[in-house]
Visitor: 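I'd like to ask some things about the structure below.
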Amino acid sequence: MKDDISFSFEFFPPRTEVGNEKLKQVRSRLNRLGPKYFSVTYGAGGTTRDNTRDRVLEMNSEGLEVAPHLSFGANDEAFIENLLNIYKDAGIHRLVALRGDLPPELSDRRLVYANELVEFVRAGFGDHFEIAVGCYPEVHPQASGYAEDVRYLKQKLDAGSDYAVTQYFYNADAYARFLDECEYQSIDKPIIPGIMPITNLDNLARFSSMCGAEIPRWLLRSLADFEPGSEDFLRFGEEVVTNLCEQLIELGAESFHFYTMNQYEPTANICANLGLLDQG
Ligand code: FAD
């Protein structure tokens with residue numbers, strides 16, 4: 001077992017009761033793998049806002065270590081302060097702070113950058129929360145440049161966040177180059193790779209084109225050789241992602257954040273392949 005490698009698991013809040021019930025099972029099983037924490041995503045447009053809070057409080061009451069994602073979205077300071085107080089009073093002490101994106105109907109609102117949210121949390125809540133922020137080894141889609149995107153990452157880390165979790169990627173070189181740029185810009189806080197298991201090619205391709213993550217041509221073409229969702233497809237995806245994680249460990253990664261897509265097997269199998277689980 002690799003004792004020195006920790007890992008965390010991300011969920012999205014399900015929209016249905018059936019989804020909620022399924023997630024309860026999934027998180028109970030994933031919790032047995034010993035994650036550092038679970039995080040729950042947040043819809044900046046308000047779509048999953050209350051749902052995120054409810055799932056976070058539910059998981060917290062089950063005794064799970066949980067980190068709500070948070071962004072201002074279209075809300076004002078009073079709303080965010082109230083939500084932070086609810087989390088604080090419940091004993092939650094982690095956050096993932098983001099600018100987020102707005103749905104088209106709210107696109108006239110000014111988005112509050114993540115560094116501003118981090119400053120807001122630190123000003124009102126001191127060191128109560130351990131704060132993670134997002135970062136983009138393959139460059140945020142709206143960034144005007146690579147170095148500038150990393151400068152903004154430094155700004156949000158300097159504003160008081162503790163570490164950054166990357167958008168997912170399948171190219172270890174992008175992570176290596178990103179670490180070099182971070183070092184060059186004197187960033188000395190942890191950059192934790194975000195890992196996306198491969199389960200559904202259509203969804204992955206659609207999501208990747210929106211968030212600016214690249215699926216290498218060799219990988220796309222190889223995945224297309226398999227029947228979608230078949231055992232062989234899933235095993236191949238797990239092998240590719242396991243291999244990626246091994247390369248990231250070589251590059252010095254000491255922690256992984258898994259985008260579980262609310263599923264148990266893909267993430268658990270990759271953790272097992274990597275020897276992260278105590279089989280004893
Ligand atoms: P920021 O760091 O604020 O950056 C946004 C863009 O503006 C970048 O192009 C950056 O270069 C630039 N920029 C940054 N600061 C400034 C500034 N001060 N002035 C001018 N330009 C600036 N989305 C959700 O809706 N819900 C989630 O729960 C969620 N979870 C995520 C978790 C992780 C780990 C990651 C990596 C992403 C997540 N996202 C989520 C996606 C994220 O919200 C989007 O990528 C969003 O477009 C950017 O959010 P950010 O916090 O990285 O933005």
Side-chain angles (χ1 to χ4, degrees), residues 7-15 36-53 55-56 66-75 80 83 87 94-104 106-107 109-121 130-169 174-175 178 181-182 185 187 189-196 207-214 253 255-262:
F7 47 92
S8 50
F9 297 140
E10 179 173 311
F11 296 137
F12 60 85
R15 287 171 191 272
K36 202 164 170 192
Y37 66 89
F38 294 93
S39 80
V40 184
T41 63
Y42 187 77
T47 44
T48 65
R49 208 180 53 187
D50 297 347
N51 208 355
T52 299
R53 182 201 57 210
R55 293 293 75 71
V56 163
V66 59
H69 292 210
L70 183 65
S71 47
F72 264 92
N75 292 121
I80 297 298
L83 188 51
Y87 288 148
R94 294 177 185 275
L95 283 179
V96 181
L98 301 147
R99 183 201 72 169
D101 300 304
L102 287 173
L106 294 173
S107 59
R109 309 289 179 95
R110 183 183 93 81
L111 280 164
V112 178
Y113 291 109
N115 69 292
E116 300 172 86
L117 174 57
V118 173
E119 279 166 19
F120 180 79
V121 177
E130 182 178 278
I131 306 178
V133 289
C135 64
Y136 303 84
E138 295 180 318
V139 191
H140 184 267
Q142 290 151 13
S144 51
Y146 187 93
E148 187 193 71
D149 206 24
V150 177
R151 268 197 294 283
Y152 284 128
L153 168 61
K154 180 163 167 52
Q155 189 180 34
K156 55 190 177 179
L157 288 167
D158 288 349
S161 51
D162 297 290
Y163 61 97
V165 176
T166 77
Q167 184 58 277
Y168 67 88
F169 56 90
Y175 179 72
F178 189 69
E181 182 66 28
C182 287
Q185 295 201 27
I187 290 175
K189 293 182 177 173
I191 307 291
I192 295 173
I195 304 296
M196 178 74 92
F207 192 57
S208 299
S209 70
M210 287 189 309
C211 72
E214 188 177 82
S255 195
F256 294 113
H257 182 76
F258 286 92
Y259 298 107
T260 69
M261 303 308 287
N262 294 6

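If you read the sequence from its start, that first residue is 1, and numbering goes on from there. First listed ligand is number 1; within each ligand, the first listed atom is number 1.
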Visitor: Using a 4.5 Å cut-off on heavy atoms from C-beta on, say whether the side chain of S8 contacts that of H257.
Guide: yes
Visitor: From L111 CG over to L117 CG, what is the distance, rounded to the nearest 0.5 angstrom?
Guide: 12.0 Å
Visitor: Using a strict 4.0 Å cut-off to heavy atoms of D101, name the atoms of ligand 1 that fall inside it.
Guide: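 By the 4.0 Å cutoff, the relevant atoms are 44 (C), 46 (C), 47 (O).
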Visitor: With distance as the sole test, does T260 use its side chain to make a donor-acceptor pair with the main-chain N or O of N262 at under 3.5 Å?
Guide: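 Judged by distance alone, yes, a pair lies under 3.5 Å.
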Visitor: With heavy atoms only and a cut-off of under 4.0 Å, state how N115 meets ligand 1: side chain, backbone, both or neither.
Guide: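 Near ligand 1, N115 shows its side chain, while the N, CA, C and O stay back.
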Visitor: Heavy-atom distance to atom 42 (C) of ligand 1: which of Y168, Y42, Y136, Y146 wins?
Guide: Y136
Visitor: With F9 as reference, evaluate F11, F7, F12 under the ring-ring contact (aromatic ring centres under 6.0 Å, His included) test and give the passing residue.
Guide: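 Looking at F11, F7, F12, the match for F9 under the ring-ring contact (aromatic ring centres under 6.0 Å, His included) is F7.
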Visitor: For atom 11 (O) of ligand 1, tell me which residue out of V139, V112, V96, D149 has the closest non-hydrogen atom.
Guide: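 Closest candidate by heavy-atom distance is D149.
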Visitor: Any idea which part of H140 is under 4.0 Å from ligand 1, heavy-atom wise: side chain, backbone, both or neither?
Guide: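 Side chain only.
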Visitor: Does an N or O anywhere in T41 fall below 3.5 Å from an N or O of ligand 1?
Guide: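 So ligand 1 has no N or O lying under 3.5 Å from an N or O of T41.
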Visitor: Using atom types as modelled and distance alone, determine if a side-chain donor or acceptor of T166 lies under 3.5 Å from a backbone N or O of G194.
Guide: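 Pair found, side chain donor or acceptor close to backbone of G194.
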Visitor: May I ask you to check if ligand 1 and R99 share an N or O to N or O distance below 3.5 Å?
Guide: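 N/O-N/O distance below 3.5 Å exists for this pair.
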Visitor: Below 4.0 angstrom from a heavy atom of V165, which ligand 1 atoms are there? Numbered from 1 as shown, please.
Guide: 34 (C), 36 (C)
Visitor: Which of the numbered atoms in ligand 1 are under 4.0 angstrom from any heavy atom belonging to Q142?
Guide: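 Once the distances to Q142 are compared, the set is 9 (O).
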Visitor: Test your reading of the structure: does A97 have an N or O sitting under 3.5 Å from an N or O of ligand 1?
Guide: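 No, there is no polar N/O contact under 3.5 Å.
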Visitor: Mark up the atoms of ligand 1 that fall under 4.0 Å of a heavy atom belonging to A143, in ascending order.
Guide: 9 (O), 11 (O)
Visitor: With K36, which residues qualify under side chain to side chain contact (heavy atoms under 4.5 Å, CB included), at least two apart?
Guide: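 Partners of K36 by the side chain to side chain contact (heavy atoms under 4.5 Å, CB included) criterion, ordered by chain and then number, come out as S6, R94.
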Visitor: Pull out every atom of ligand 1 sitting under 4.0 Å from any heavy atom of G134, numbered as shown with elements.
Guide: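 Near G134, meaning under 4.0 Å from one of its heavy atoms, ligand 1 has 36 (C).
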Visitor: Name the option, out of Q167, M210, K156, that contains the heavy atom nearest to atom 1 (P) of ligand 1.
Guide: K156
Visitor: Given 3.5 Å as the limit, does a donor-acceptor pair link the side chain of K156 with the main chain of S161, or not?
Guide: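 No; zero donor-acceptor contacts below 3.5 Å.
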Visitor: Between the candidates L98, V40, L153, T52, which shows the shortest non-hydrogen contact distance to atom 39 (N) of ligand 1?
Guide: L98
Visitor: Do F120 and F72 make the cut of ring centroids closer than 6.0 angstrom?
Guide: yes
Visitor: Supply the atom-to-atom distance M196 CE to Q167 CD, rounded to the nearest 0.5 angstrom.
Guide: 7.0 Å
Visitor: Whether the side chain of D149 engages the backbone of H140 through a donor-acceptor N/O pair (distance < 3.5 Å, no angle test) should be reported.
Guide: yes
Visitor: Hey, is the main chain of E214 close enough, under 3.5 Å, to the side chain of S208 for a donor-acceptor pair?
Guide: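 Checked: no pair found.
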Visitor: Would G100 count as a contact of ligand 1 if the rule is a heavy atom under 4.0 Å away?
Guide: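 It does; at least one heavy atom falls under 4.0 Å.
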Visitor: Heavy atom under 4.0 Å from ligand 1: found in E148's side chain, backbone, both, or neither?
Guide: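 No part of E148 comes within reach of ligand 1.
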Visitor: I want to know if ligand 1 touches A114 in the polar sense, i.e. an N/O pair below 3.5 angstrom.
Guide: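 Yes, A114 has an N/O under 3.5 Å of an N/O on ligand 1.
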Visitor: For atom 15 (N) of ligand 1, which candidate among Y259, F12, Y152 provides the closest heavy atom?
Guide: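 It is Y152 whose heavy atom sits nearest to atom 15 (N) of ligand 1.
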Visitor: Show me which atoms of ligand 1 lie under 4.0 Å from any heavy atom of Q155.
Guide: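 Near Q155, the atoms of ligand 1 are 18 (N).
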Visitor: For the residue pair N51 and R15, what are the closest heavy atoms and their distance?
Guide: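 Taking N51 first and R15 second, the nearest heavy atoms are ND2-CA, 4.1 Å.
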Visitor: Is there side-chain contact between E10 and F258, with at least one heavy-atom pair below 4.5 Å?
Guide: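 Result no, sub-4.5 Å side-chain heavy-atom pair not found.
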Visitor: Should H69 be counted as touching ligand 1, given the test is an N or O pair under 3.5 Å?
Guide: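 N/O-N/O distance below 3.5 Å exists for this pair.
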Visitor: Counting both backbone and side chain atoms, is some N or O of E10 under 3.5 Å from an N or O of ligand 1?
Guide: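 It does not: no N or O of E10 is found under 3.5 Å from an N or O of ligand 1.
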